[in-house]
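What follows is a short report on a single structure.
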Amino acid sequence: MTTPLTFSVIINTCDRAEPLRTLLDALNQQTYAHFEVIVVIGPTKDDSVAVVQTFGERVILAHCPEFNLSMSRNIGIAIAVGDIVAFIDDDALPCPTWLEQLATCFENRDIAGAGGRVYQIHPGHGQLQFRHGLFSIFAEDADVRDSPTAPLPTDTPPQYWYPRLMGTNMAYRRQALTDGGGFDERFAYLFEEPDLAIRLGRQGYKIQHLDEAVVYHAPASSRNRQMFTWNINWYMWMRGGIYFILKNSSPLVGRRVAWLRAMQYAQKFFTRVRNHRTYDSLPADLYPDVIKQLWRGLGWGLAVGLFGQRQIATHFGKPNRDFQPFLKEIQELGIRNQESAQSKMEIIQNSVLPSTTATNYKSVASMEAPLRICLLSSNYPPHSTEGVARLTHVMAQGLAELGHEVHVIIEGRANHTTFYDGAYVHEIRTESRYYQHYNKLGYSKLAWLLNHSHVVYEKLKSLRLNHQIQLVDSTVWLLESLVMAVAQEMPIVTRLVTSTRQLNNLADQVEAEAHLISQLEEQLLRQSHGLVPISQAIKQTYTQIYGLDFTKRPHQIIHAGIKPLPEEAVFPLDGQAKPAPILLFVGRLEKRKGILTLFEAMPQVLREFPQAQFWLAGKDNSPHDGFADAEHLTYPQYFQKKYPACQNQVKFLGYVADDKLAELYQICDLFVAPSLYESFGLIFLEAMNQARPVIGCNVGGPTEIIVPNETGLLVTPEAPTELATAIIQLLSQPKARRDMGRAGRERLLKQFHYLKMAEQYVAFY
């Protein structure tokens, strides 16, 4: 039997106790058991030592006397006994199969070094940091490349470029490190990783890039940098770059060419900094100090690069100790608990919103078997506030807070991942790589949907490799999970919301493309492993229009829930009459959402309450629902043309972001959404969260949310006079509005709490 490779995982840290704790907790999740953990702590000022000591003998603790990353790395190498030495930053998290994938790679004895992708995951700053990276002897980087054969970014000859590994996802055979002398301690910060890679590369060692083996990096502030500011160690950056060029290029191109390239590097650096100052991106008060740091760094780099010696260890002895596994028992693999789930959110400094969880809800979910779940949602907050996006977001939050690992795949930029409100959010870009013939037939939407589903499928395979995803959940809308459902490689749960076939039934005429899409929806439903209608009404509708026999397949009705506001953030109505009450509508401006019914009701309401205001929040959807083609007008233009006397009392607000939307719910006196059909109606819960009375239609999901004459009123769809009468009734009764709003808030807390919803999903999964 082959002896498994052993790993020494080295974490170099200083002044980052909390991110360090998060990383050590996360290492419990590794699927590969044969590794030890070494933490090398610099001259720290926090309680990092105490954090390490809480792990007892599972972690080997060492100290570095200086704030010098290369020295700290070498100390770790010197005490490592694993066959492979792997480095990860203290502000990073590895995917659970990180070491398992690296071990498979190192089974090839020709491989001396290996590492995978790195994602920076700060919300608002997320990006793919590293993939198939190269570095030239002239300090030029190509850290993100689509493939190993991608073109080089400069005209520097290929023989001067070397594969490199990023320090937070970097593993080498211990023998290669010790033979090569480890890290040059002249690099106290920056450039030590490519310098090592080039030195090993010149000695004939082979470095392998893994396309996966993902590490998620949430760069934290340190003595060398204040994240997302210009307050960084410019001196170290300049000195390291100049020294790197002189030491690595001189043996290949000569000292004169090396000196010229170093000076070109410095000139570009100064020019870039001056340009930042010119365009005000670099603060004026910081600029003089930055220039001083650069001159100092240039002087040091030239002097030591030209005349100084490298500080490379000549000998690493073999430590006289036994391998000390981090996971003492194989049963510990995959342990996840609510505390570690919460700490993942805490790793991202200043990026997580304050908790608004209601304190009166007690979770009863078992944490003995946490799940690894992927939710699909083409749109997602904070960029989108449409219903499915908000529902998926609050599902992700609830599942994460119950201790489960949650991933969300959305449409956006390729290779872009952030950690947002407790979940990994992976953005993909849909490209027309497949299904081209549908475009030729004029079915551009169908082609996009199928291409999107295929790209989702490819991302799911990546997540399955890195995270061992157990289950995929998505709505039937947009067919996002169709390709995976057909492939039958993972269990698929499909949430039942308003479908294309329902919309077809509401339309006067159904185009061939829409008919094809509805057929594919039926295919997805029949190949899903479980179905979740989000209301009793939607279950009945699907039984009628698709002929689904729910008795023959796993299913459960799970109402949507939302995150309740804390009581101190809710301001109920005071029960007093107002001269200019505000009526709020939230939703796309389209026929299905009842916007034409509301338009027709407005003049009747304004005759009774001439100062009333109607605020309409939502995108105009007239180009997509056929209204613009039929009327040659947008919905706002149509209203202005047909109801000119009402214009001053109506505001078309367009798309409204989540934070502003919450303000609108708080400001309004009455919420109105007369949709012809809603599969559920998350917007009603959002209004009830602010203790506002609501008016909806007596079909579909709203009938399961609104209790007539207790939390609001229900009216007949497409009945503008009945709608106007209901609005006038509540505007005439301010105390009734107050009481309904309070009752709605209480109903939400009891029936539609997001953690209750999440527990139901967990039980069904």
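Side chains are part of it too, since the values below use all heavy atoms of this structure and drop only hydrogens, waters and symmetry mates. Counting from 1, the numbers follow the sequence of the chain as shown.
The environment of Gln267 atom CD is sparse: at most 12 non-hydrogen atoms of other residues, nucleotides or ligands sit within 6.0 angstrom. The 12-atom threshold is exceeded at CZ of Arg321, counting heavy atoms of other residues, nucleotides or ligands nearer than 6.0 Å.
Not a single donor-acceptor pair under 3.5 Å links the side chain of Asp143 to the backbone N or O of Gln129. A donor-acceptor pair is defined here as one N or O able to donate and one able to accept, closer than 3.5 Å; such a pair exists between the side chain of Arg58 and the backbone of Phe326. The backbone N or O of Arg372 sits nowhere less than 3.5 Å from a side-chain atom of Gln468 that would complete a donor-acceptor pair. Here the side chain of Asn466 pairs no donor or acceptor atom with the backbone of Glu212 at under 3.5 angstrom. Side chain of Asn12 to backbone of Val40: no donor-acceptor contact under 3.5 angstrom is found.
Looking at heavy atoms from C-beta onward, Ile11 lies in side-chain contact with Leu20 at the 4.5 angstrom threshold. Side-chain contact check for Thr97 versus Cys95: some heavy-atom pair is nearer than 4.5 Å. Looking only at side-chain heavy atoms (C-beta outward), Asp289 and Gln293 come within less than 4.5 Å of each other. At least one side-chain heavy atom of Arg272 sits under 4.5 Å from a side-chain heavy atom of Phe269. Looking only at side-chain heavy atoms (C-beta outward), Ile77 and Phe87 come within less than 4.5 Å of each other. Here the side chains of Ser8 and Arg174 are not in contact, with every heavy-atom distance at 4.5 Å or above.
The aromatic rings of His34 and Tyr32 stand perpendicular to each other, their planes meeting at an angle above 60°, with 30° marking the opposite boundary. Between His125 and His122, the ring-plane angle classifies as perpendicular under the 30° and 60° cut-offs. Ring geometry, His393 versus Tyr420: the interplanar angle falls under 30°, so the pair is classed parallel (tilted spans 30 to 60°). Between His276 and Trp230, the ring-plane angle classifies as tilted under the 30° and 60° cut-offs. Between His132 and His209, the two ring planes are perpendicular [angle over 60°; tilted spans 30° to 60°].
Taken from OH in Tyr216 to CD1 in Ile121, the straight-line distance is 8.0 Å, to the nearest 0.5 Å. Annotation: the span from Asn68 atom CG to Met71 atom CE amounts to 4.5 Å, rounded to 0.5 Å.
Scanning all heavy atoms of the two residues, the minimum distance from Trp259 to Leu306 falls at CD1-CD1, 4.1 Å. Closest heavy-atom contact between Ala258 and Ser250: CB-OG, 3.3 Å. Taking all atoms of both residues into account, the shortest heavy-atom contact from Asp25 to Phe55 is OD1-CZ, 3.5 Å. Considering every non-hydrogen atom in both Ala80 and Val85, the closest pair reads CB-CG2, 4.0 Å. In plain terms, the two heavy atoms of Pro94 and Leu23 that are nearest each other are CD-CD1, 3.7 Å. Residues Met227 and Ser221 share a closest heavy-atom pair of N-OG, 3.0 Å.
At a threshold of 4.0 Å, the pair Glu140-Lys268 does not count as salt-bridged, since none of the basic side-chain nitrogens sits closer than that to a carboxylate oxygen. Remark: Arg225 engages Asp91 in a salt bridge, criterion side-chain N to carboxylate O under 4.0 Å. Electrostatic pairing of Asp110 and Lys206 does not count as a salt bridge here, judged by no charged N lying under 4.0 Å from a carboxylate O. Using a 4.0 Å cut-off between charged side-chain N and carboxylate O, Asp211 and Arg117 make a salt bridge.
Here the options are Asp90, Asp47, Asp89, Asp46, the test is salt bridge (charged side-chain N to carboxylate O under 4.0 Å, His left out), and the partner is Arg16; only Asp90 passes. Each of Tyr265, Phe138, Trp237, Phe135 was evaluated against Phe244; a single residue qualifies, Phe135, per the ring-ring contact (aromatic ring centres under 6.0 Å, His included) test. Residue Asp195 forms a side chain to side chain donor-acceptor pair (under 3.5 Å) with just one option from Arg310, Arg164, Lys247, Arg186, and that option is Arg310.
Under the 6.0 Å cut-off for aromatic ring centres, Tyr424 and His467 qualify, their centroids lying closer than that.
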